[in-house]
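For clarity, every value in this text was computed on a predicted model and none was experimentally measured.
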Amino acid sequence: MLATVPRAAPARVVRRLLSPWCRFGLLVAVLGAAAVLVAVYRPQRLLSNGWPTHAGGFAAAALFALVYGLCAAAFAPRPLLNAASGALLGTVAGLGAAIAGTVLAAGIAFGLGRLLGQRALRTLVRGRWLTAADGLMSRYGFRSMLAIRLFPGVPFAAANYGAAVSRMNWPSFLVATGLGSIPNTAAYVVAGSTAASPTSPAFLVASGFIVLSAVVAAVVGWRKRHHLGAAARIHGGGAPGPRGAGDR
């Protein structure tokens with residue numbers, strides 16, 4: 001009987017370390033450390049100032065996408081990364097690298113949130129507004145995420161971790177992120193690739209699109225809050241849709 005006591009104590013410790021709230025604490029620590037590193041070292045500058053001038057071709061675009069994904073997952077500002085992508089790689093290769101990096105960064109954040117934060121944070125989704133938002137993302141994953149990415153009113157990290165807490169599935173999240181990020185990302189890439197000629201038509205069109213998309217996002221966000229409020233009244237705090245619904 002006494003021999004089982006030493007075995008039970010380590011088992012309890014392991015269970016506590018693997019508990020939802022301990023994993024959520026680890027997620028907070030990882031994200032906090034990433035935010036501090038970005039604030040101190042500002043790695044997005046290295047993509048422009050420290051990028052080897054002889055680098056080119058597919059290998060350079062793939063390397064840039066990898067570094068982009070890691071930096072964006074660590075909260076480096078994506079507009080600067082997109083502009084640097086255009087300035088260093090040109091419009092076509094820069095857009096491909098930026099979209100690939102965006103999907104990579106979103107996938108990293110989604111995976112971290114799903115693994116370390118979902119079980120703990122879902123217990124907090126109780127208010128009508130939170131329940132409605134969770135229900136929309138869980139039931140209409142692809143369409144919800146596509147709309148969020150098309151209109152850059154929702155911060156990139158907030159959308160990633162919000163989707164991770166919901167029951168949205170991986171394919172809906174990644175495909176919608178890739179497709180929905182193209183217009184706004186392309187505008188920044190073109191602006192970066194033509195920044196040396198600020199009076200060129202391409203630069204002016206790209207800059208105008210960036211401003212216009214921000215205004216449209218603000219207007220759409222202002223109007224959509226009424227739809228979310230209506231959805232909240234319909235849900236009435238009820239439970240969201242079945243697990244793994246993703247999109248119907």
Applying side chain to side chain contact (heavy atoms under 4.5 Å, CB included) to F75 and L31, what does each step give before you reach the verdict?
CA-CA 9 Å; F75 306 109; L31 297 182; 3.8 Å; yes

* **Main-chain N/O of M168 paired with S166 side-chain donor or acceptor, under 3.5 Å** => yes

Can you find a pair of side-chain heavy atoms, one from T102 and one from F156, that are under 4.5 Å apart?
yes

>> Measuring only between side-chain heavy atoms, which start at C-beta, is F209 closer than 4.5 Å to P183?
In response: yes

Task: pair Y161-L112: side-chain heavy atoms closer than 4.5 Å - done: yes

Relative to the ring of W170, is the ring of F110 parallel (under 30°), tilted (30 to 60°) or perpendicular (over 60°)?
perpendicular

Between the side chains of Y68 and R78, does any donor sit under 3.5 Å from an acceptor? yes

Side chain proximity check, S85 to N82, heavy atoms < 4.5 angstrom:
no

- Task: Using distance alone, with no hydrogens and no angle criterion, decide if N169 and S172 have a side-chain donor and acceptor under 3.5 Å apart.
- Result: yes

Regarding R149 and S181, do their side chains bring together a donor and an acceptor under 3.5 Å, going by distance alone?
no

For L81 and F64, the nearest pair of non-hydrogen atoms, with its separation, is O-CZ, 3.9 Å

On a heavy-atom basis, the closest approach of A105 and A72 is CB-CB, 3.5 Å

Exercise. Are S213 and F151 close enough, and set up right, to give a side chain to side chain contact (heavy atoms under 4.5 Å, CB included), and what steps lead you there?
Worked result: CA-CA 7 Å; S213 64; F151 300 104; over 6 Å; no

